[in-house]
Amino acid sequence: MPGQPLIRTPSGVLVPAGIDPFHRTLHHVAPSGLLGRTGQTSGMTRLEAVSGKTVGSSGLWMGETHVAASTASGNHHHEASETAIYVVSGHPAFVFLDVEGDEPVEHRIETSPGDYVFVPPFVPHREENPDPGAEAVVVIARTTQEAIVVNLDGLDWSEVEIR
């Protein structure tokens with residue numbers, strides 16, 4: 001940040017004056033520090049890792065979701081938040097209603113560890129774990145500060161309110 005006034009930290013390092021102490025350090029969240037007090041959907045458990053509550057972030061939410069063996073989540077969407085998903089373990093399926101053809105068709109994206117899935121804002125969907133013996137675990141990141149979840153009865157967009 002050329003031209004910005006500098007201040008000296010307690011250790012003697014010069015840093016731009018506009019960077020407060022909170023923003024001059026990395027924040028570590030161990031598995032034991034994950035929070036379950038976030039938006040939930042039936043059939044899955046969301047755990048919060050990076051958020052305003054955990055590390056003071058202001059524009060990013062990140063955590064993980066666990067779907068038990070032989071379980072499907074409830075239908076839901078994430079309002080205006082974009083969601084990126086990374087599959088850590090298991091073979092979860094992501095189900096949504098493909099409305100781009102002549103007739104709406106329920107579509108499944110079947111995944112494996114290492115896969116990424118992008119969920120655009122407002123798209124009704126659900127997660128399914130068809131494996132009878134192992135839970136599926138994914139890491140999720142959102143463009144909003146909170147884990148916005150709007151639970152729905154179906155995948156058909158009839159309950160979606162775009163605000």
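Owing to the predicted nature of the structure, the values given are computational and were not obtained by experimental measurement.
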Chemist: Tell me every residue that passes side chain to side chain donor-acceptor pair (under 3.5 Å) with T83, counting only those two or more places apart in sequence or in another chain.
Modeler: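 T83 satisfies side chain to side chain donor-acceptor pair (under 3.5 Å) with R142 only.
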Chemist: Taking the side chain as everything from C-beta on, heavy atoms only, tell me whether D98 gets closer than 4.5 Å to E106.
Modeler: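 Side-chain contact under 4.5 Å: no.
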Chemist: If hydrophobic clusters are built by linking Ile, Leu, Val, Met, Phe, Trp and Tyr wherever their side-chain heavy atoms come under 4.5 Å apart, do V160 and F118 end up in the same one?
Modeler: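 No, it is not one cluster - the side chains of V160 and F118 are not joined through contacts under 4.5 Å.
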Chemist: Test side-chain contact (heavy atoms from CB on, under 4.5 Å) on K53 and L35; report intermediate values, then the result.
Modeler: CA-CA 9 Å; K53 288 184 254 180; L35 302 177; 4.2 Å; yes
Chemist: Please check if V149 and V137 belong to a single hydrophobic cluster, counting links between Ile, Leu, Val, Met, Phe, Trp and Tyr side chain heavy atoms closer than 4.5 Å.
Modeler: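 Per the 4.5 Å side-chain linkage, V149 and V137 are not co-clustered.
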Chemist: For L60 and S57, which heavy atoms make the closest approach, and how far apart are they?
Modeler: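 Scanning both residues, the minimum pair turns out to be O-OG, 2.9 Å.
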Chemist: Restricting to non-hydrogen atoms, name the atom on L152 and the atom on P124 that form the minimum distance, rounded to 0.1 Å.
Modeler: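 Looking at all heavy atoms of both residues, the closest pair is CD1-CB, 3.7 Å.
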Chemist: For P113, which residues count as a side-chain contact (heavy atoms from CB on, under 4.5 Å) partner, sequence neighbours excluded?
Modeler: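 Per chain and number, P113 pairs via side-chain contact (heavy atoms from CB on, under 4.5 Å) with H91.
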Chemist: Before giving the answer on side-chain hydrogen bond (donor to acceptor under 3.5 Å, both in side chains), spell out for H66 and E64 the whole-Å C-alpha distance, their side-chain angles and the decisive distance to 0.1 Å.
Modeler: CA-CA 7 Å; H66 297 247; E64 59 188 54; 2.7 Å; yes
Chemist: When rounded to the nearest 0.5 angstrom, what distance separates CG in L34 from OG1 in T45?
Modeler: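 So the CG of L34 and the OG1 of T45 are separated by 12.0 Å.
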Chemist: Between L97 and F122, is there a shared hydrophobic cluster once you connect ILVMFWY residues whose side-chain heavy atoms come closer than 4.5 Å?
Modeler: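 As far as the 4.5 Å side-chain criterion goes, F122 and L97 are connected within one cluster.
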Chemist: If I compare all heavy atoms of T71 with all of G43, which pair ends up nearest, and what's the gap?
Modeler: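 So the two residues come closest at CG2-O, 3.3 Å.
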Chemist: If I compare all heavy atoms of V123 with all of H77, which pair ends up nearest, and what's the gap?
Modeler: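 Minimum heavy-atom contact is O-CB, 3.5 Å.
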Chemist: Give me the atom names and distance for the closest heavy-atom approach of L47 to W61.
Modeler: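 Looks like O-CH2, 3.9 Å.
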Chemist: To the closest 0.5 Å, what do you measure between CD1 (I19) and OG1 (T9)?
Modeler: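 Rounded to the nearest 0.5 Å, the CD1-OG1 separation comes to 13.0 Å.
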Chemist: Within the structure provided, determine whether V87 and P92 are in side-chain contact (heavy-atom separation under 4.5 Å).
Modeler: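 Yes, close enough: below the 4.5 Å cut-off.
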Chemist: Say you draw a straight line from CD of E135 to CG of N129; how long is it, rounded to the nearest 0.5 Å?
Modeler: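 Interatomic distance, E135 CD to N129 CG, rounded to 0.5 Å: 8.0 Å.
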Chemist: Can you check whether L26's main-chain N or O pairs, donor with acceptor, with H28's side chain at less than 3.5 Å?
Modeler: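 Flag not set: sc H28 to bb L26 has no pair under 3.5 Å.
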Chemist: Taking atom OG1 of T65 and atom CD1 of I85, what is their separation to the nearest 0.5 Å?
Modeler: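 It is 7.5 Å, given to the nearest 0.5 Å.
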Chemist: Check whether T144 reaches the backbone of S81 with its side chain - one donor and one acceptor, N or O, closer than 3.5 Å.
Modeler: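 Flag not set: sc T144 to bb S81 has no pair under 3.5 Å.
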Chemist: Are V88 and V138 close enough that some pair of their side-chain heavy atoms sits under 4.5 Å apart?
Modeler: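 No, their side chains stay 4.5 Å or more apart.
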Chemist: Do D153 and N75 make a side-chain contact, defined as non-hydrogen atoms from C-beta onward lying under 4.5 Å apart?
Modeler: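 No, too far: nothing below the 4.5 Å cut-off.
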Chemist: Given the rule that I, L, V, M, F, W and Y join up when any side-chain heavy atoms are under 4.5 Å apart, are Y86 and I109 in one cluster?
Modeler: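 No, it is not one cluster - the side chains of Y86 and I109 are not joined through contacts under 4.5 Å.
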Chemist: Looking only at heavy atoms, which two atoms of S70 and P130 are closest? And how far apart?
Modeler: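 Looks like OG-O, 4.3 Å.
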Chemist: How long is the straight-line distance from CZ of F94 back to CD of E127, given to the nearest 0.5 Å?
Modeler: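 It comes to 5.5 Å.
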Chemist: Please report the interatomic distance CG(N151) to CD(E159), rounded to the nearest 0.5 Å.
Modeler: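 Reported to 0.5 Å precision, the distance equals 9.5 Å.
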Chemist: In the single-linkage hydrophobic clustering (I, L, V, M, F, W, Y; side-chain heavy atoms under 4.5 Å), do V139 and Y116 co-cluster?
Modeler: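 Same cluster: V139 reaches Y116 through Ile, Leu, Val, Met, Phe, Trp or Tyr contacts under 4.5 Å.
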Chemist: In this structure, which one of R46, R126, E128, H125 forms a side-chain contact (heavy atoms from CB on, under 4.5 Å) with S73?
Modeler: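 That would be R126; it is the only one of R46, R126, E128, H125 passing the side-chain contact (heavy atoms from CB on, under 4.5 Å) with S73.
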Chemist: Run the side-chain contact (heavy atoms from CB on, under 4.5 Å) test on I7 and L14 for me, step by step, so that the C-alpha distance in whole Å, both residues' side-chain angles and the decisive distance to 0.1 Å come before the verdict.
Modeler: CA-CA 5 Å; I7 61 169; L14 290 173; over 6 Å; no
